[in-house]
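Accompanying notes for the structure given below.
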Amino acid sequence: MEEEYWPEPGEFVVCTVKKVADFGAFVELEEYGGKEGFIHISEVASGWVKYIRDHVREQQKVVCKVLHVDRHKRHIDLSLKDVNEHQRRTKIQEWKNELKAEKWLSFFAEEHSLSDEEVSRLKALLREKFGLLYLAFEEVALRGPEALVEVGVPKEYAQGIAPVAAENIKAPQVNITGYLDLSSDAPDGVNIIKRALDECLKVEEGGVSLELTYVGAPRYRVKVIAPNYKLAENVLRRATKRAIDYIVAEGGSGKFMRYNEPA
């Protein structure tokens, strides 16, 4: 993040330990221009800390929780003990992703000869609209340049960033599964079921794939792979409804059952 920014109390930050003393540790905040923070020995670990170096050491990367920020005195109080393992892992991954996004944006800036001022304005806009640079790149990889144009990024910038995002980010995907029970007692019931399944497959959506698998009479598995759960659920609902509506109209019966399957 840019140097003029300051963290907020309650925020998790990535730090590098610079000096360890008997009473605490001095650190630099990686995301805030190397601003200095302090972890008091009472905030290093739960319980009594006999030897602080059993918990922190110079040059170690740690994730801390911001307790207090005094911008006037340029002082930041931090806690190491208030960060659990899940929070630590999540923050480290977010930080690594942001470093990658910074690098991708620098590639774009160099290729298009952007000034430092133009890059700073672009970063500020992307962070204002998306929270993180990496999330902006994810959105562009998923939706294309329009995702940036919508929030005020110049069209020529958006078109230049899009291929960088597409090259470096694999669009996230989820899959959900449900089951269709289709039956018909009509003389041509087999064909009616086949046409009902065809109706199911007629539902199309960009970036979404739909698969049908025969499980055993009268059951068929319907699997939808999509960029996000909301879109996947929408396609699954529409597709199975078409199949059921068709077979019921032909005098048969249809039933849908939901089943969650891990991605």
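Worth knowing before you read on, the calculation uses all heavy atoms, side chains too, and leaves out hydrogens, waters and symmetry mates.
In this structure, Trp95 has no ring pair (Phe, Tyr, Trp, His ring centres under 6.0 Å) partners at least two apart in sequence or on a different chain. Under the ring pair (Phe, Tyr, Trp, His ring centres under 6.0 Å) criterion, His112 pairs with Phe108, sequence neighbours left out. With sequence neighbours excluded, no residue forms a salt bridge (charged side-chain N to carboxylate O under 4.0 Å, His left out) with Glu110. Legend: residues meeting ring pair (Phe, Tyr, Trp, His ring centres under 6.0 Å) with Phe26, ordered by chain and number and at least two apart, are Phe38. Shown here are the ring pair (Phe, Tyr, Trp, His ring centres under 6.0 Å) partners of Tyr220, two or more places apart in sequence or in another chain: Tyr214.
For the pair Glu139 and Lys129, the salt-bridge criterion is not met [side-chain N within less than 4.0 Å of a carboxylate O]. One finds no salt bridge joining Lys73 and Glu36 here, because no Lys/Arg side-chain nitrogen approaches an Asp/Glu carboxylate oxygen to under 4.0 Å. For Arg121 and Glu117, the salt-bridge test passes: some basic side-chain N is under 4.0 Å from an acidic carboxylate O. The pair Lys194-Asp198 meets the salt-bridge criterion, since a charged nitrogen lies less than 4.0 angstrom from a carboxylate oxygen. Salt-bridge annotation for Arg221 and Glu211: absent, with no side-chain N of the basic residue lying under 4.0 Å from a carboxylate O of the acidic one.
Val14 has its side chain within reach of Glu31: a pair of non-hydrogen atoms, C-beta onward, lies under 4.5 Å apart. Counting heavy atoms from C-beta on, the side chains of Tyr157 and Glu118 come closer than 4.5 Å.
Distance SG/Cys64 to CD1/Ile39: 3.5 Å, rounded to 0.5 Å. Here Lys100 contributes atom NZ and Asn97 contributes atom CG; the two are 4.5 Å apart, rounded to the nearest 0.5 Å. A distance of 7.0 Å separates CD1 of Ile169 from CZ of Phe137, quoted to the nearest 0.5 Å.
A 6.0 Å sphere centred on CG of Asp54 holds more than 12 heavy atoms belonging to other residues, nucleotides or ligands.
Side-chain contact annotation: Arg195 with Asn191, donor-acceptor N/O pair under 3.5 Å absent.
In summary, of the residues considered (Ile247, Leu182, Val222), a side-chain contact (heavy atoms from CB on, under 4.5 Å) with Leu197 occurs for Leu182 alone. Exactly one of Lys18, Lys35, Lys61, Lys91 qualifies for a salt bridge (charged side-chain N to carboxylate O under 4.0 Å, His left out) with Glu30. That residue is Lys61.
Counting only residues at least two apart or on different chains, no ring pair (Phe, Tyr, Trp, His ring centres under 6.0 Å) pair has a member in residues 50-84.
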